[in-house]
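One structure is given here, and the rest of the page talks about it.
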Amino acid sequence: MAHPAPAQLQRPPEERAVVHPEVDRTFIGRLVREFYGRVRRNDRLGPIFAAHIGETWEPHLEKMTDFWCSVILKDGSYSGRPVPAHLKLNQVREEDFGIWLDTFRQTAGELCEPELAAVFIERAERIARSLQLAMFFRLPAAGAVSKEG
């Protein structure tokens, strides 16, 4: 009996720039501002952002617009490092990502036609997974002895 060929690792498909007549920096900036307006009004997320951003929202909104332009348009406008920035947020709990994503899904669903909303949401979900892993997933230290042994 022949054995199946070993599974080969496949790279995820390359994300391509979104080409859509309505999607440009102005549209993305409007989405970012609407989304973060909702985040600021959220009982759980609002205080977290207020503690770190305070009243200096415009620079943050511009940075987030750059970030999303890089994610959606692949224009290279963002050069920051999101993981280190988020690692400093000690009061963030893993379940906060669900609130963030639900708010993003709702905002994108209201501002975008369904196919476009799906692209924004899929990329937001990838970003959230990546940040969650960076913030909350920890391997045991090398050489650590298990108490179960």
Side-chain angles (χ1 to χ4, degrees), residues 2-141:
H3 294 284
Q8 292 186 353
L9 290 175
Q10 293 185 356
R11 297 182 124 201
E14 180 183 340
E15 285 185 357
R16 298 188 188 282
V18 171
V19 178
H20 187 281
E22 294 176 17
V23 179
D24 58 9
R25 183 176 179 83
T26 301
F27 175 83
I28 291 171
R30 189 167 68 245
L31 177 71
V32 163
R33 281 168 170 72
E34 177 62 28
F35 169 68
Y36 279 102
R38 294 176 186 200
V39 165
R40 289 174 78 176
R41 292 186 299 273
N42 181 275
D43 291 340
R44 171 71 191 146
L45 300 182
I48 295 170
F49 279 86
H52 290 276
I53 296 172
E55 296 303 316
T56 58
W57 272 90
E58 192 53 34
H60 182 72
L61 294 172
E62 281 301 309
K63 184 186 290 188
M64 292 300 92
T65 299
D66 287 345
F67 175 81
W68 280 100
C69 284
S70 291
V71 168
I72 296 297
L73 302 175
K74 303 295 181 195
D75 68 357
S77 57
Y78 179 78
S79 60
R81 297 175 55 216
V83 170
H86 288 82
L87 287 176
K88 296 185 289 189
L89 304 175
N90 296 336
Q91 68 271 53
V92 172
R93 298 184 303 233
E94 195 166 359
E95 57 269 20
D96 293 338
F97 283 90
I99 300 168
W100 186 91
L101 278 171
D102 286 345
T103 305
F104 191 88
R105 287 181 190 113
Q106 182 181 22
T107 306
E110 291 174 12
L111 295 181
C112 304
E113 59 189 45
E115 298 80 19
L116 187 56
V119 172
F120 274 92
I121 291 166
E122 185 271 334
R123 294 192 185 170
E125 288 170 347
R126 281 194 206 177
I127 292 161
R129 268 193 310 276
S130 176
L131 287 173
Q132 274 182 296
L133 285 172
M135 293 176 76
F136 300 105
F137 182 75
R138 298 286 182 262
L139 289 172

Exercise for review: Compute whether any side-chain donor of one residue and acceptor of the other, for Glu113 and His20, lie under 3.5 angstrom apart.
Suggested key: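 Per modelled atom types, Glu113 and His20 side chains form a pair under 3.5 Å.
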Review point. Sequence neighbours excluded, which residues qualify as side chain to side chain donor-acceptor pair (under 3.5 Å) partners of Glu94?
Key: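 Side chain to side chain donor-acceptor pair (under 3.5 Å) check on Glu94 returns nothing, list empty.
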**Study point:** With Arg105 via side chain to side chain donor-acceptor pair (under 3.5 Å) - residues at least two apart
**Key:**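 With neighbours one apart ignored, the set is Asp102, Glu125.
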Is any side-chain heavy atom of [X] less than 4.5 Å from a side-chain heavy atom of [Y]?
X: Ser77; Y: Phe67; value: no
X: Ile48; Y: Arg44; value: yes
X: Thr107; Y: Arg33; value: no
X: Ile28; Y: Phe120; value: yes

Taking the basic N atoms (NZ, or NE/NH1/NH2) and the acidic carboxylate oxygens, is any pair closer than 4.0 Å for [X] and [Y]?
X: Arg25; Y: Asp75; answer: no
X: Arg38; Y: Glu110; answer: yes
X: Arg30; Y: Glu34; answer: no

Measuring from [X]:[atom1] to [Y]:[atom2], what's the distance to the nearest 0.5 Å?
X: Thr65; Y: Leu31; atom1: OG1; atom2: CG; result: 9.0 Å
X: Arg40; Y: Thr103; atom1: CZ; atom2: OG1; result: 14.5 Å
X: Asp24; Y: Cys69; atom1: CG; atom2: SG; result: 8.0 Å
X: Gln106; Y: Leu101; atom1: CD; atom2: CG; result: 13.0 Å

Check your understanding: Is the Tyr36 ring parallel, tilted or perpendicular to the Trp57 ring (thresholds 30°, 60°)?
Key -> tilted
Practice item. Could you tell me which residues satisfy ring pair (Phe, Tyr, Trp, His ring centres under 6.0 Å) with Phe104, sequence neighbours excluded, listed by chain and number? Key: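 Here the qualifying residues are Phe35, Trp68, Trp100.
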Practice item. Please check if the side chain of Arg126 supplies one atom and the backbone of Glu122 the other of a donor-acceptor pair under 3.5 Å. Key: no
Check your understanding: Just by distance, do the side chain of Ser70 and the backbone of Tyr78 share a donor-acceptor pair under 3.5 Å?
Key -> yes
Compare every heavy atom of [Y] with every heavy atom of [X], then report the nearest pair and how far apart it is.
X: Arg16; Y: Lys74; answer: C-CG, 4.1 Å
X: Met135; Y: Phe97; answer: SD-CZ, 3.7 Å
X: Asn42; Y: Ile99; answer: ND2-CG2, 3.5 Å
X: Val32; Y: Leu61; answer: CG1-O, 3.9 Å
X: Thr56; Y: Ile53; answer: OG1-O, 2.7 Å

